[in-house]
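Computed from heavy atoms alone, side chains included, the values below leave out hydrogens, waters and symmetry copies.
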Amino acid sequence: MRFMQAILTTLLVILALVFGALSLGTFAALTDHAPLWLRSLGSLENAVGVRLGTLGLAPFLRAVVLALVSSVLMGLAAYYKPR
């Protein structure tokens, strides 16, 4: 059981880091003064958003939603960690 919890925790942490990076990139795409690599993460999120059908949301709202999803995933990872 501990092995499955460790795998689940690792998977949740990786997903949270990916969603956090996409959120950071989306926030960075809102300004012209952000580094190019951060804005490219925002354009990657935009491309993924087109596939998922989230273009109806404003970019700031998408970034906030991604940050909340990232926080929930980190909370779940902390909850399911093996003790």
Review point. Linking I/L/V/M/F/W/Y whenever any side-chain heavy atoms sit under 4.5 Å apart, do Leu73 and Leu66 land together?
Key: yes

Point to revise | Common cluster, Leu68/Leu76, ILVMFWY with side-chain heavy-atom separation under 4.5 Å | key: no

**Study point:** salt bridge (charged side-chain N to carboxylate O under 4.0 Å, His left out) pairs, two or more places apart, involving residues 63-77
**Key:** none

Point to revise | Same apolar cluster (I L V M F W Y, side chains within < 4.5 Å links), Val65/Val18 | key: yes

Exercise for review: Measure the OG-CG distance between Ser70 and Leu17 for me, rounded to the nearest 0.5 Å.
Suggested key: 7.0 Å

Check your understanding: Hey, is the main chain of Gln5 close enough, under 3.5 Å, to the side chain of Thr9 for a donor-acceptor pair?
Key -> yes

Practice item. Consider only side-chain heavy atoms of I, L, V, M, F, W and Y, link residues closer than 4.5 Å, and tell whether Leu44 and Val69 are in one cluster. Key: yes

Revision key, fill the gap. OG1 of Thr26 to CD of Glu45, rounded to nearest 0.5 Å, is 3.5 Å

Check your understanding: CG/Leu8 to CG/Leu12 distance, rounded to the nearest 0.5 angstrom?
Key -> 4.5 Å

Point to revise | Heavy-atom closest contact (Ala28 atom, Ala34 atom, distance) | key: O-CB, 3.4 Å

Check your understanding: Given Leu38 and Leu41, is the side chain to side chain contact (heavy atoms under 4.5 Å, CB included) satisfied, shown in steps?
Key -> CA-CA 5 Å; Leu38 274 178; Leu41 281 176; 4.3 Å; yes

Check your understanding: Taking it one step at a time, do Thr31 and Arg39 satisfy side chain to side chain contact (heavy atoms under 4.5 Å, CB included)?
Key -> CA-CA 9 Å; Thr31 182; Arg39 287 186 297 174; over 6 Å; no

Practice item. Flag yes if Met74 and Ile14 sit in one hydrophobic cluster, no otherwise; membership is Ile, Leu, Val, Met, Phe, Trp, Tyr, and two members link when side-chain heavy atoms are under 4.5 Å apart. Key: no

Exercise for review: Please check if the side chain of Ser23 supplies one atom and the backbone of Phe19 the other of a donor-acceptor pair under 3.5 Å.
Suggested key: no

